[in-house]
Participant: 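First, the structure itself, so that you have it in front of you.
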Protein chains: 4
Amino acid sequence: MNTALKLFAEEGYYITSIDKIAKAANISKGLIYNYFQNKEDLLSEIFHFGLDEIFKSFDQNHDGILTKDEFILFIENSLDKLENSRDFWKLYFILIMKPMIYKMFEKSLNEYLSPIMQMLENYFTNQGSENPEAEAKLIGAILDGVGMHYILNPENFKIKEVKEIIIKKYI
Amino acid sequence: MNTALKLFAEEGYYITSIDKIAKAANISKGLIYNYFQNKEDLLSEIFHFGLDEIFKSFDQNHDGILTKDEFILFIENSLDKLENSRDFWKLYFILIMKPMIYKMFEKSLNEYLSPIMQMLENYFTNQGSENPEAEAKLIGAILDGVGMHYILNPENFKIKEVKEIIIKKYI
Amino acid sequence: MNTALKLFAEEGYYITSIDKIAKAANISKGLIYNYFQNKEDLLSEIFHFGLDEIFKSFDQNHDGILTKDEFILFIENSLDKLENSRDFWKLYFILIMKPMIYKMFEKSLNEYLSPIMQMLENYFTNQGSENPEAEAKLIGAILDGVGMHYILNPENFKIKEVKEIIIKKYI
Amino acid sequence: MNTALKLFAEEGYYITSIDKIAKAANISKGLIYNYFQNKEDLLSEIFHFGLDEIFKSFDQNHDGILTKDEFILFIENSLDKLENSRDFWKLYFILIMKPMIYKMFEKSLNEYLSPIMQMLENYFTNQGSENPEAEAKLIGAILDGVGMHYILNPENFKIKEVKEIIIKKYI
DNA sequence: CATGAATGAGCTTTCATTCAT
DNA sequence: GATGAATGAAAGCTCATTCAT
C-alpha cells in the first residue's frame, strides 16, 4: 500500500500499472490480488486508510463549538498536516478532480468533512458573520488551494509565511 | 477538440479513448490522426488553445502596475472567468496535479502566470506589505482553491457570495 | 468464426485461447475484438449461426403434421445432417452439457426444438400411442445419443446401418 | 473428492478452481496437493473411482451370455443407475465430449465397456440379428442419449415411461 | 497432517496508432 | 480529406502450483 500510494501520487492512478507496483514493492503481481480484489479496491483501501489517519486527529476534544483560539488552531493544524503525508495529499488532489473516481470516495469524504463544515459555519454564525455558509466554504477553498499549491511545489511555496498571513486576516 | 475537451474534462484523459472521442464527434478515428500527431498532442493543443483563450483577456491595458481598484477588478475577473469554459477549468485542475503531464505544460503555463504573479507581488510591495511574495502566492492559492471548489460543485458553491467576502478582506 | 469453431470443437472452449484462434486464423488478437465483444460473444455468434444453418433446412414444407413417410424422412434427415458440419455438432454436444454455458443458448435452442418436439408428439398421438410425450422424448434422446456416438468416432460407428435399424423399429 | 465432483459436474472442470474446491470443502488449497499430484490427477481419481462404483455392479454372475430376460434386465439396470450418482453422470457426459480429456480416460473406459459391448453383440447374434454389431452400438447410443437427456433435465424427462417404451421395442 | 502466503505463466481485453483505400 | 480494418504492446487479472511453517 505504501509503494502504491507513492506511485499513484507521483505518476497517477491509470499510468501506474499493477506490475510497476509489484516490482517496486519487490513482490509478485499475484500477491497484490491476494489482498485486494482489484486495482480500484487497492486505491480505495489506500485512500480510506489515509483519510482515517488524517481525520482521526481532528476529532479530539471538540464539542463542535469553536472559540476564536480554537478556530485559529484549526487552520494551523490543517496546514501543518500537509507536511506529513505529502503523498496522501497529492493523491487526494488528484482524485478529488476525477468525477468517476470521486464518486467512489464522495460518501466517506463527506462523512469526515460535513461535521467540520458545520462547525465552521457555527463559528461564523457566532461571530455575527453576514453569510456564515459562504465564509465556511471560503475557508475550505482556501485550505484546499493552499494545500494544492504547497503540495505541487513544497520548496518554493513558503507555507509558514502564507499561514501567518491567513491567520492575520482572521484575527 | 471541443468533444475531446468535454470528455477529457468529464471522464479524465486516460479513461477517454480515441475511439470514444471519434464516435462522440461523429468522425473516424483516422481523421484525428490527420490533425494531431498523437493523443498527447491532441491534449496539448486543447490545453494551449484554452490557455490562450483565457489569458488573452488579462493582457489588456496593463502596464504591469495595479491600483487598488484594478487589483479588486483582477480578483473579480479571475473568478468570473470560471463561469465560462467550465470544461477547460475542470481539465486544468485535473492536469495541474499530474506531474508527468504537468511537465508538458509547465513552461507555457509559467509564461502566462509569472508576469501576473510579479504584478501581484509589486502591488503588495506598493501597499507596504511585509511579505509581498507570500501575499501574492496566497492570492494565487485562494483563486485556485475557490476555482476548484466551484468547478467541482457549481450548484452548491455560491461563488458570488464567496467573491464578495474575498474582496471585503482585501479592501 | 470457422477457425474458432474448429478449435472450440476439437479442444474445448476454455482450453482454446483467443491467441490460439488468432494465430490459427492468421490474424491479430485485436482484430477478433473488432467483431466480437468478447470470447463468450464469439462463441455465441458461432453457435447461433450454426443453429440457424442446421435448422433452417427443417422448416420446409411442413404444416406441422407428419405422415408416416414424413416421420421416417425426418429421422433420416436428422442423422444425415451429422455428416455435414461435424464441427458444429461436436461443439453442440460439448456445450449442451455445461449448465453455465447452456443457459446462454437454452432459449434459442428451445425456439428451434419445441415445435419439432410438438410435431413428434402429435405424430405419436395420431398413431394411437399410449404415451406420445415419452415417445417423442425417446426419439429426441435416440437422435442425440446416436449423434454423439457418431461424432465421437465417425470411422467406427457405422451410422448407415444404425439408421436402418432405427427405421425398421419405427415402421 | 465429493466436493470436487459436485463442482466439476455443476460448473465444469476448467471453470472450477482449486481454491473454490478447497473453500467449498472447508480445507486449505495445500491439503489437496497432499493427496493429488495436480488438478488433472484429482479429476482422474474422481472419474476412475466413479467408474469403478458404477461398473462393479455389472460384473456379477455373468458368464458373458445373456438370455432375453437378462438383456431386458441389463437395460433396466443401466437406466436405473442414472438415478443414483447424477453428479458422476453429469461429469461423464461433460468429459466424454472433450477429446483432450477423453484421451485420459479412453483406456479405462474401454476396459469396462468393451466386454459389455461384446456381450451385447453376442446376444444379438444369438437372436439371429442381421447386423449384431450395429444393434449393439445402437443400444449403447440409446442408453447414452437417454442418460444425457435425463441428467440434463431430470424433472421433465419421464425416465420410467421412456424405459418401458424401450423395453417394449426389444421384447 | 495442514495451512495459506507467494509465485509467475498465461489468460482476456483494451487501445493508441498505422495505412491501404 | 476521410475511413475503419488491422496491429501488437501492454494492461488487469486468474489460478495451478510450491513451500516454509
Side-chain angles (χ1 to χ4, degrees), chain A residues 4 7-8 11-23 25-43, chain B residues 4 7-8 11-23 25-43, chain C residues 4 7-8 11-23 25-43, chain D residues 4 7-8 11-23 25-43:
Chain A
L7 288 169
F8 286 163
E11 331 229 307
Y13 173 67
Y14 289 108
I15 233 175
T16 303
S17 70
I18 292 287
D19 197 49
K20 219 181 208 163
I21 297 169
K23 275 190 182 114
N26 272 320
I27 58 170
S28 69
K29 260 188 299 186
L31 188 54
I32 293 177
Y33 287 90
N34 275 12
Y35 296 96
F36 306 96
Q37 287 194 301
N38 49 41
K39 197 183 174 186
E40 204 175 281
D41 183 42
L42 170 59
L43 175 66
Chain B
L7 288 170
F8 286 163
E11 330 230 305
Y13 173 68
Y14 288 106
I15 236 176
T16 303
S17 68
I18 292 287
D19 197 50
K20 218 180 201 166
I21 298 168
K23 279 199 177 102
N26 273 321
I27 58 169
S28 70
K29 264 188 295 187
L31 190 53
I32 293 177
Y33 284 88
N34 280 8
Y35 294 96
F36 306 96
Q37 286 192 304
N38 49 39
K39 198 183 173 186
E40 205 174 280
D41 183 40
L42 170 60
L43 175 66
Chain C
L7 288 170
F8 286 162
E11 331 229 305
Y13 174 67
Y14 289 108
I15 232 176
T16 303
S17 70
I18 292 287
D19 197 49
K20 220 180 207 164
I21 298 169
K23 276 192 180 113
N26 272 321
I27 58 169
S28 68
K29 261 187 299 186
L31 188 54
I32 292 176
Y33 287 91
N34 275 12
Y35 296 95
F36 306 95
Q37 287 194 301
N38 49 40
K39 197 183 174 186
E40 204 174 281
D41 183 42
L42 170 59
L43 175 66
Chain D
L7 288 170
F8 287 163
E11 331 230 305
Y13 173 68
Y14 288 107
I15 235 176
T16 302
S17 68
I18 292 286
D19 197 50
K20 217 181 203 165
I21 297 169
K23 279 198 177 101
N26 274 320
I27 58 167
S28 69
K29 263 188 296 186
L31 191 54
I32 293 175
Y33 285 89
N34 281 8
Y35 296 95
F36 305 96
Q37 286 193 304
N38 49 40
K39 197 184 174 186
E40 205 174 281
D41 183 41
L42 169 59
L43 175 66

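Throughout, a chain's letter reflects where its sequence line sits, starting with A, and its residues are numbered from 1.
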Participant: Once you round it to whole Å, what is the distance between C1' of F:dC13 and CG of A:Leu31?
Facilitator: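 Distance check: A:Leu31 CG to F:dC13 C1' gives 14 Å.
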
Participant: How close or far is atom P of E:dA16 from atom CG of B:Asp41, stated in whole angstroms?
Facilitator: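 Value for this atom pair: 14 Å.
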
Participant: Sequence neighbours excluded, which residues qualify as ring pair (Phe, Tyr, Trp, His ring centres under 6.0 Å) partners of A:Tyr13?
Facilitator: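 Residues passing ring pair (Phe, Tyr, Trp, His ring centres under 6.0 Å) with A:Tyr13: A:Phe8.
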
Participant: When the distance from OH of D:Tyr14 to C1' of E:dT12 is rounded to whole Å, what number comes out?
Facilitator: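 Rounding to the nearest Å, OH of D:Tyr14 and C1' of E:dT12 are 17 Å apart.
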
Participant: Identify, with sequence neighbours excluded, every residue that meets salt bridge (Lys or Arg N to Asp or Glu O under 4.0 Å) alongside D:Asp41.
Facilitator: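 With neighbours one apart ignored, the set is empty.
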
Participant: Hey, which of these two, A:Tyr13 or C:Ser28, hits DNA chain F nearer its 5' end, going by closest nucleotide?
Facilitator: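 Comparing both residues, the 5'-ward one is C:Ser28.
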
Participant: Does C:Asp19 have any side-chain hydrogen bond (donor to acceptor under 3.5 Å, both in side chains) partners at least two apart in sequence or in another chain, and if so, which?
Facilitator: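 C:Asp19: side-chain hydrogen bond (donor to acceptor under 3.5 Å, both in side chains) contacts with C:Lys23.
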
Participant: Any base atoms under 4.0 Å from D:Tyr35, or only sugar-phosphate, or nothing? Heavy atoms, all strands.
Facilitator: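 Here D:Tyr35 touches the backbone only, sparing every base.
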
Participant: Check the pair A:Ile15, A:Leu7 against side chain to side chain contact (heavy atoms under 4.5 Å, CB included), reporting the backbone distance first and the verdict last.
Facilitator: CA-CA 9 Å; A:Ile15 233 175; A:Leu7 288 169; over 6 Å; no

Participant: Holding to side chain to side chain contact (heavy atoms under 4.5 Å, CB included), I want the full list of residues that pass it with C:Lys20, two or more places apart in sequence or in another chain.
Facilitator: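 Checked C:Lys20 against side chain to side chain contact (heavy atoms under 4.5 Å, CB included); matches are C:Glu11, C:Ser17.
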
Participant: Rounding to an integer number of Å, can you tell me how far C:Asn26 CG sits from F:dG8 C1'?
Facilitator: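 Roughly 15 Å, once rounded to whole Å.
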
Participant: Can you tell me how far apart CG (D:Asn26) and CG (D:Leu31) are? Round to the nearest 0.5 Å.
Facilitator: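 If we round to the nearest 0.5 Å, D:Asn26:CG and D:Leu31:CG are 12.0 Å apart.
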
Participant: Write down the atom of A:Ala22, the atom of A:Ser28, and the distance for their closest heavy-atom approach.
Facilitator: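 Between these two residues, the closest heavy atoms are CB-C, 3.8 Å.
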
Participant: What's the closest nucleotide to the C:Ser17 side chain, out of F:dA16, F:dA6, E:dC11?
Facilitator: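 Closest nucleotide to the C:Ser17 side chain: E:dC11.
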
Participant: Can you measure D:Lys20 atom NZ to F:dA16 atom C1' for me and round it to whole angstrom units?
Facilitator: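 The answer, rounded to whole Å, is 15 Å.
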
Participant: Residues two or more places apart in sequence or in another chain: which of them pass ring pair (Phe, Tyr, Trp, His ring centres under 6.0 Å) with C:Tyr33?
Facilitator: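 Ring pair (Phe, Tyr, Trp, His ring centres under 6.0 Å) check on C:Tyr33 returns nothing, list empty.
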
Participant: Reading 5' to 3' and counting Watson-Crick or G-U wobble pairs with both distances under 3.5 Å, write the dot-bracket notation for DNA chain E, | for bases paired outside the strand.
Facilitator: .||||||||||||||||||||

Participant: In whole Å, what is the span from the CD1 atom of D:Ile32 to the P atom of E:dC1?
Facilitator: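 In whole Å, E:dC1 P and D:Ile32 CD1 are 16 Å from each other.
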
Participant: May I have the distance from D:Leu43 (atom CG) to F:dA16 (atom P), rounded to whole angstrom?
Facilitator: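 It is 12 Å, rounded to the nearest whole Å.
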
Participant: Can you tabulate the close N/O pairs, meaning under 3.5 Å, that link protein atoms to atoms of nucleotides 17-21 of chain E?
Facilitator:
unit_1, atom_1, unit_2, atom_2, d
E:dT17, OP2, B:Tyr33, OH, 3.0
E:dT17, OP2, B:Lys39, N, 2.8
E:dT17, O4, B:Lys29, NZ, 3.3

Participant: Checking C:Ile27 against C:Ile21 for the side chain to side chain contact (heavy atoms under 4.5 Å, CB included) test, could you report, in this order, the C-alpha distance in whole Å, the side-chain angles of both residues, the deciding distance, and whether it holds?
Facilitator: CA-CA 9 Å; C:Ile27 58 169; C:Ile21 298 169; over 6 Å; no

Participant: In whole angstroms, how far is the C1' atom of E:dA16 from the CG atom of B:Leu42?
Facilitator: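 So the CG-C1' distance, B:Leu42 to E:dA16, works out to 12 Å.
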
